[in-house]
There are 2 protein chains.
Amino acid sequence: MPAGQEKCKQVGVPLPRASAGEAMRARILETTDRLFYRRGIRAVGVDTVAAEIGISKRTLYNYFPSKDALVVAYLERRFTPIPASERSPVVQILDAYDRVGRLFAADALRGCPFVNAVTELADPTHDAAKIALGFKERRRLWFRELLVQAKAKDADSLAGQLAILLDGAIVQMLVRNDAGMAAVARKAATTLLAAAGVKPASAPTRRRAKA
Amino acid sequence: MPAGQEKCKQVGVPLPRASAGEAMRARILETTDRLFYRRGIRAVGVDTVAAEIGISKRTLYNYFPSKDALVVAYLERRFTPIPASERSPVVQILDAYDRVGRLFAADALRGCPFVNAVTELADPTHDAAKIALGFKERRRLWFRELLVQAKAKDADSLAGQLAILLDGAIVQMLVRNDAGMAAVARKAATTLLAAAGVKPASAPTRRRAKA
DNA sequence: AGCTACCTACACAGATCTGTGTAGGCAAGA
DNA sequence: TCTTGCCTACACAGATCTGTGTAGGTAGCT
């Protein structure tokens, strides 16, 4: 969905202002992400977003027709592709737990944005619910693919278990305000992997996580 | 915190209306619970609660001085003591996963009320955050006690892992709209228990969950 | 210079929310 | 009967929110 085009009415010009429109859109989404994620979607008004960016509310509504559209764009922007990795499947899986732990410790994690949106909006028919479902499903399939590569027994079920562990760790970090829950989940993941016949990378629990 | 007393100003009367006040308070909290939990705290106004009960907003504010107080009372009411059980520790633990699965299948579960409150209010200093933390900690300690009884290895760490699994299952049920995630978490719990030297009750995964 | 597209500032409609103020009804007990 | 306490109905203040309407400024392109 390219922005800045629907305004040009097919006049044939090579979209001279398209990049400017894209930049503005990016600025809006950056600030929206920060505010919606940190303070909550319902707690942040459109006025606040516009004021924080330094633009008028009118301009914001020129880029997004409604707050709902802004919410959807916010979640779609969070739905970034998983970067490919050269490392072993088991390391990639266990790294997922380390990553959320590090993010929380760096005060960059306030729960899962998709889960938060589902909770805040409380409307299963909202597009946000579909996006959240898509995100969870993609991660589960990613886990499953890695488990197949690692020749784990019952990769399908185990992928779901590992996904549950990851979401549980995020929730517990939020409520307990303790980044250590990520390591606890990681340890459980290690046990589950071992039970599925997958050997851990090096040491079973501890791993150097400098910075 | 007994209600209906602070109104009586110590005149010596044996609280003639105390029971009526208690009943009203209970009615308010029942409806509040249903609305806050199903539709969300921020989405439900005080007007809506009063109208649903069939009382005036003024009366509601006679029992609870603010919406925040109502939120706190709502969460405190959810913080019920864990009923003691005669059954084996392992069965009690695994039953926790079955229970959330059954509740979700019966459409009586829309995430964890404590986690939802933390997410919706987005304020770590709110009393709701403390109550939520207390709830999570109590359940972890309950798991730990049961694990000690079951002579599990490393009961302390395992209790945290099982708690993460339970919260993860609740989150995933909410987002995926699939009660089956409870059984997935249960299976992971069984694996973790087995790895800790604890034997499952009867069959390792399947369990008769009629009704 | 003139045109066009985008931007700002600002007001405003209309809805919603929390919390209070007031006047009066009604039932129980002295 | 009279008082007291609780309830209702209703209006309202004041804040907030989404979304729109309008007038005018400004920068780039022809």
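Chain identifiers are assigned alphabetically (A, B, ...) following the order of the sequence lines, protein sequences preceding nucleic acid strands; residue numbering begins at 1 within each chain.
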Would you kindly give the [atom1]-to-[atom2] distance between [X] and [N], to the nearest whole Å?
X: B:D47; N: C:dT16; atom1: CG; atom2: C1'; result: 9 Å
X: A:I28; N: C:dC7; atom1: CD1; atom2: P; result: 8 Å
X: A:M24; N: C:dC6; atom1: CE; atom2: P; result: 11 Å
X: A:Y61; N: C:dC7; atom1: OH; atom2: C1'; result: 17 Å
X: B:L70; N: C:dC17; atom1: CG; atom2: P; result: 14 Å
X: B:R42; N: D:dT16; atom1: CZ; atom2: C1'; result: 11 Å
X: A:R25; N: C:dC7; atom1: CZ; atom2: P; result: 13 Å
X: B:L60; N: D:dT8; atom1: CG; atom2: C1'; result: 14 Å

**Asked** How do A:P65 and A:A43 order along DNA chain D: which one's closest nucleotide is nearer the 5' end?
**Response**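 So the residue in question is A:A43.
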Picking from [options], which would you name as closest to the side chain of [X]?
X: B:T59; options: C:dC7, C:dG19, D:dC7; result: D:dC7
X: B:S66; options: D:dT8, C:dT18, C:dG19; result: C:dG19
X: A:R58; options: D:dG19, C:dT18, D:dG21; result: D:dG21
X: B:K57; options: D:dC6, C:dC7, C:dG19; result: C:dG19

**Check ion pair B:E30-B:R27 (N to O, under 4.0 angstrom)** =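 The answer is no: the pair does not qualify as a salt bridge.
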**Request:** Salt-bridge test for B:D178 and A:K136: reply yes if a basic N is under 4.0 Å from a carboxylate O, no otherwise.
**Result:**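 Here B:D178 does not pair with A:K136 in a salt bridge, since their nearest N and O are not under 4.0 Å apart.
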**Sole residue of B:I170, B:D167, B:D95 in side chain to side chain contact (heavy atoms under 4.5 Å, CB included) with B:V100** =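 Of all the options given, the one that passes is B:I170.
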**Asked** Hey, does the side chain of A:E120 reach the backbone of B:T119 with a donor-acceptor pair shorter than 3.5 angstrom?
**Response**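 Flag not set: sc A:E120 to bb B:T119 has no pair under 3.5 Å.
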**Asked** Do you know the tightest heavy-atom contact between A:P81 and A:R138?
**Response**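 Of all heavy-atom pairs spanning A:P81 and A:R138, the closest is CA-NH1, 3.5 Å.
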**Item:** Under 3.5 Å donor-acceptor pair, B:K67 side-chain atoms to C:dG19 base atoms
**Value:**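 Check fails, no donor-acceptor contact within cut-off.
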